[in-house]
Amino acid sequence: MIVVAVALGCLVVAAGVGADGPYSPTWKSLDARPTPAWFDEAKFGIFIHWGVFSAPAYGRRRETAFLWKFWNEGDPDTLDYLRRNYPPGFTYADFGPMFRAEFYDPDQWADIFKASGAKYIVLTSKHHEGFTNWPSEVSWNWNAMDIGPRRDILGDLATSIRTRTDLRFGLYHSLLEFYNPLYLADKKNGFKTQTFVERKTMPELYEIVNAYKPDVLWSDGEWEAPDTYWNSTNFLAWLFNESPVKDYVATNDRWGQGLPCHHGGYYTCQDKYNPKVLQKHKWENCLTLDLYSWGYRRTIAANDFISMDELTQTLAETISCGGNMLLNVGPTGDGRIDPMFEERLRQMGDWLKVNGEGVYASKPWVHQNDTLTPGVWYTSKISASGTVVYAFVLDWPKGGTLTLGSVDPVSGTTVNLLGYGVSIPWQKRAGGGMDIQIPTLSENQMPCRWAWVFRVSGLGL
C-alpha cells in the first residue's frame, strides 16, 4: 500500500485501501479507512439528479425533486399548479408513466461528461421518491424497467461511461423514502423497528453494489434517523471488507442523523459546502448548475445558471483547501441534457484543457490564498526537483503587475502562464513575495476567458 501525506499531514489518501482491512462495524474502525487516492486526484466530478420528478420538473426557483413533499405539505403554489394542469384524483404515482426518457442516449451523455473534464460521475440510483433507475427486485412497479423508460437507465449509462470514457462511475442512493408505508411505520415507532431498512434500503444497496460495482457510493436521506436504524456500520464493513469494490470505492458521510462532517468517508457536511479554509479531512463541495434546483426545472431562465466565473472561482477555492467539486446537472424527463447545461460543461472542459495541470492530482499548498492580492488561490505539486505552485488568479491583473505575497522566489524560480508558451519575468519584493510582470496579450493570445493559472516552478523543496 502507498500512503501519501499531504499539506503538512492534513490529508491522508491511499492507493490500495483494501490492504488496511478488515474493518469492524464501528465508526472508529471505519473512519480509519483512507480515502482512495484516485478520488483525491480527480478533483472534479459530475452529479446527475434524474428520476420521476424530472417529468413534472416544476419549481419556481426551488427544488423540483421535492415536488411530492411540497404537495403533501399543502404548499399553495404547488397545489395551484397541480389543480390547473392535472385532473382531479391525479396522484404522484401518475407521473411515473410520464417519465419516459424517450430521447435518452447514454452514449451522448458519456461524451458530454468526458468533454467537461470531469473525472467521475455520480448518478441518482434512487431519490427520496423511492423510484429506482434500475430494475430493483424490491421496488416492484416503481422502477425504470416496469414503468416509464422501460429500460435499465442506470445500467445503460454505466456501460457507456465505462466503454467510451476513462471516468469513474458512481451512484447516489437515498436511504429514506418520503412516503413509503414501511418507512412511515418505522418512523411512527420512533425508529425502534427496522422493517423498511430490512426489506428496502439494505437490499437496494447490496443490489447496486453487486450489479453495477460503483466507484463512488454517495449516500443521502439520512437525517431523520440514527445510523443504528439504517444499519450503516454493518453495511460499510461489508462494503470495505468483502464487496467487489472494497479496494477502490469512495463513500461519503451521510449514513445517519448527525454524522455528516463527523464520520464516514469523505465529508460533504451540507449541500454547497465551501469552507474556504484548509480541512483536515478529505471533503467534497456538491453544487448545482441551476442555482435553485438539483432536478431539472422547466421554468429555468438564462440568469438562473451559475456562471463560468463563479464555477472557476468555486473550483479554485475548493481544491486549494483539499476538496473536490461535484457539479450537478438535472436531465429532462425525456432524457436530454439541456443545451445550457451542456454548454457550461463543455466550457469547463475547455478551461480544464488549459489549466488542468494545476487541478488534477494537485495538493493544497502551505498557503491557500494570497496574503496581499485578493482572488488568488493556490495548489501545488512536489517532485524531485522541488515544489511547483499554481496560482489561480480570478481577475486578470490590472496595471501589468501581479503581486504574490505568499510566494518567496529564489534565483532559479520560473513563472509561466498555463496555455501561454513564454516564460514571464518577475522581481523579488523587498518585503517578501514577488511581482510578476504581466505581458500585454491580444484577445486571441489569451489562453482562456476565466481564472488564469500561473505556474511558479523552482521554489526548492
Ignoring hydrogens, what is the shortest heavy-atom contact between [X] and [Y]? Give both atom names and the distance.
X	Y	answer
Glu207	Val138	OE2-N, 4.0 Å
Gly264	Asp31	N-OD1, 3.0 Å
Ser293	Thr64	OG-N, 3.1 Å

Can a donor-acceptor pair be found between the side chains of [X] and [Y] at a distance below 3.5 Å?
X	Y	answer
Asp227	Trp27	yes
Arg346	Ser116	no
Tyr378	Asp370	yes
Ser219	Asn252	no

Is any side-chain heavy atom of [X] less than 4.5 Å from a side-chain heavy atom of [Y]?
X	Y	answer
Trp134	Ile153	no
Thr26	Thr233	no
Phe191	Thr228	no
Cys286	Met325	no
Val388	Leu459	no

Exercise. Using the ring pair (Phe, Tyr, Trp, His ring centres under 6.0 Å) rule, take Phe305 and Phe341 through it: C-alpha gap first, then chi angles, then the decisive distance, then the call.
Key: CA-CA 8 Å; Phe305 290 88; Phe341 286 129; 5.2 Å; yes
Would [X] and [Y] count as a close aromatic pair, with their ring centres under 6.0 Å?
X	Y	answer
His49	Tyr172	yes
Trp68	Tyr179	yes
Trp142	Phe131	yes
Tyr206	Phe235	yes
Tyr266	Phe39	yes

State the [atom1]-[atom2] distance between [X] and [Y], to the nearest 0.5 angstrom.
X	Y	atom1	atom2	value
Thr193	Glu198	OG1	CD	8.5 Å
Glu310	Leu289	CD	CG	10.5 Å
Thr288	Lys272	OG1	NZ	3.5 Å
Phe196	Asn180	CZ	CG	5.0 Å
Asp107	Ile112	CG	CD1	11.0 Å
Glu177	Leu184	CD	CG	10.0 Å

So that I can tick it off, tell me whether [Y] and [X] are bridged by a salt bridge, with the cut-off set at under 4.0 angstrom between side-chain N and carboxylate O.
X	Y	answer
Asp334	Arg336	yes
Asp40	Lys363	yes
Glu242	Lys246	no
Arg60	Asp75	no
Arg164	Asp156	no

Quiz prompt | Among Phe53, Phe66, Trp50, Phe47, ring pair (Phe, Tyr, Trp, His ring centres under 6.0 Å) partner for Trp294 | solution =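 Exactly one option meets the ring pair (Phe, Tyr, Trp, His ring centres under 6.0 Å) with Trp294, and it is Phe47.
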Quiz item: Does atom CD of Glu137 have more than 12 heavy-atom neighbours, drawn from other residues, nucleotides or ligands, at distances under 6.0 Å?
Solution: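 Check fails, neighbour count at 12 or below.
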Quiz item: Got more than 12 heavy atoms from elsewhere within 6.0 Å of CZ, Arg449?
Solution: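 No, not enclosed.
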Practice problem: Look only at the side chain of Thr312 and the backbone of Met308, and say whether a donor-acceptor pair between them is shorter than 3.5 Å. | Solution: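 Side chain of Thr312 to backbone of Met308, a donor-acceptor pair under 3.5 Å: yes, one is there.
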Exercise. Test Asp290 against every option in Arg61, Arg62, Arg297, Arg298 by the salt bridge (Lys or Arg N to Asp or Glu O under 4.0 Å) rule and name the one that passes.
Key: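 Of all the options given, the one that passes is Arg297.
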Exercise. Show your working on side chain to side chain donor-acceptor pair (under 3.5 Å) between Ser136 and Glu204 and close with a plain yes or no.
Key: CA-CA 7 Å; Ser136 173; Glu204 288 175 345; 4.6 Å; no
Quiz item: Distance under 6.0 Å and angle within 45° of the ring axis: does Lys119 meet both against Tyr360?
Solution: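 Yes, Lys119 lies over the aromatic ring of Tyr360.
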